[in-house]
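Order of the sequence lines sets the chain letters (A, B, ...), proteins ahead of strands, with each chain counted from 1.
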Amino acid sequence: MKLATWNINSLKVRLPQVLDWLQAHPVDALCLQELKLPDDKFPLEAFTEIGYTAQWAGQKTYNGVAIVARQECLEVQRNIPDFDDHQQRIIASTLASPIGDIRIISAYCPNGQAVGSDKYEYKLRWYAALRDWLQGELQRYPRLAILGDYNVAPKDEDVHDPAKWVGDVLVSEPERAAFNAVLDLGLTDAFRQFEQPEKSFSWWDYRRMAFRRNAGLRIDHVLLSDALRDYCVSCVIDKTPRANEQPSDHTPVVATLVLPQAS
DNA sequence: ATGGTGGCCCGGCCA
């Protein structure tokens with residue numbers, strides 16, 4: 001089973017790239033972030049034509065998340081329950097597998113804009129709500145994978161120039177603590193389960209030729225529950241779409257799980 | 001030290 005995440009920064013603009021990528025990398029589920037389109041503009045037919053189904057939570061102009069999958073998405077949940085928020089940042093769904101149901105979550109965590117700003121406070125409140133909800137979700141669904149744009153580089157090795165970024169939004173200590181509080185529920189950063197190239201990043205600013213200089217951050221993550229992590233045999237960042245014409249500023253992250261056959 | 005680019009929708013927000 002292959003699971004992937006990609007912040008595509010407008011599905012309208014990036015749809016051809018997403019379809020091309022899916023056909024070259026026929027993953028079981030692809031979590032998308034920053035659709036930037038309302039629900040009635042989601043291009044479902046384009047996905048069904050290539051053998052996928054989808055569930056989504058869209059909104060006009062900003063945010064928006066989806067799960068594109070090869071099998072039916074069950075028990076769909078939009079947003080964090082009991083967290084009053086009109087921004088569409090969460091969609092969760094259940095996929096059947098040989099080892100039982102697997103809960104898949106596509107997450108677009110707030111950016112935070114600048115340390116100390118209103119948006120930064122919202123980011124920390126949002127992370128606390130995510131943690132509280134995931135705690136129960138992990139009890140209901142022990143086999144859980146939450147993939148997305150976390151807008152947090154967990155460690156200095158995830159930052160191209162840690163000295164330049166120290167204390168900044170995306171790397172500040174409260175943000176890293178919020179991210180670690182999620183991991184402490186019993187989730188593992190799949191990418192760091194394996195040996196990886198140095199200076200591995202998933203996002204590069206559009207400005208100042210950041211991709212050419214590999215001036216990036218690793219802020220897109222695949223988190224696996226304890227019941228899933230031992231099935232994971234690889235987790236890789238696919239940098240190639242970042243070199244496309246009209247690229248997203250993010251690139252896909254792909255985790256491969258080898259599940260035993262049902263007995 | 002500032003502003004650089006890109007997507008939204010068409011001046012300014014958000015990333």
So which of A:Val253, A:Asp149, A:Leu147 actually passes side-chain contact (heavy atoms from CB on, under 4.5 Å) with A:Cys31? A:Leu147

I'd like the 5' and 3' limits of the part of DNA chain B contacted by chain A, with heavy-atom contacts below 4.0 Å. B:dG3 to B:dA15

Will you find, in the side chains of A:Ser248 and A:Arg14, an N or O donor that is under 3.5 Å from an N or O acceptor? no

Working to the nearest 0.5 angstrom, can you tell me the gap between A:Thr94 OG1 and A:Gln71 CD? 10.5 Å

Hey, is the main chain of A:Asn63 close enough, under 3.5 Å, to the side chain of A:Gln88 for a donor-acceptor pair? no

Do A:Ile67 and A:Val76 have side-chain heavy atoms sitting under 4.5 Å apart? no

A:Gln246 vs A:Asn111, nearer the 5' end of DNA chain B by closest nucleotide: A:Gln246

With rounding to whole Å, what would you report as the distance between B:dT2 and B:dC10 at their P atoms? 31 Å

For nucleotides B:dG12 and B:dG4, find the distance between their P atoms and express it as a whole number of Å. 16 Å

Comparing A:Leu11 with A:His250, nearest DNA chain B nucleotide closer to 5' gives the residue A:Leu11

All N/O donor-acceptor pairs, side-chain side in residues 45-54 of chain A, below 3.5 Å, sequence neighbours left out:
from    : atom 1 : to      : atom 2 : distance (Å)
A:Thr48 : OG1    : A:Glu45 : O      : 2.9
A:Tyr52 : OH     : A:Val27 : N      : 3.3
A:Tyr52 : OH     : A:Val27 : O      : 2.7

What residues from residues 201-219 of chain A pass a heavy-atom cutoff of under 4.0 Å to DNA chain B? A:Tyr206, A:Arg207, A:Arg208

Rounding to an integer number of angstrom, what distance separates B:dA15 and B:dG3 when you compare their C1' atoms? 15 Å

In whole angstrom, give me the gap between the P atoms of B:dG6 and B:dA1. 26 Å

Pairing of A:Asp158 and A:Arg192 as salt bridge, 4.0 angstrom limit: yes

Checking A:Arg89 side chain against A:Tyr108 main chain: does a donor-acceptor pair fall under 3.5 Å? yes

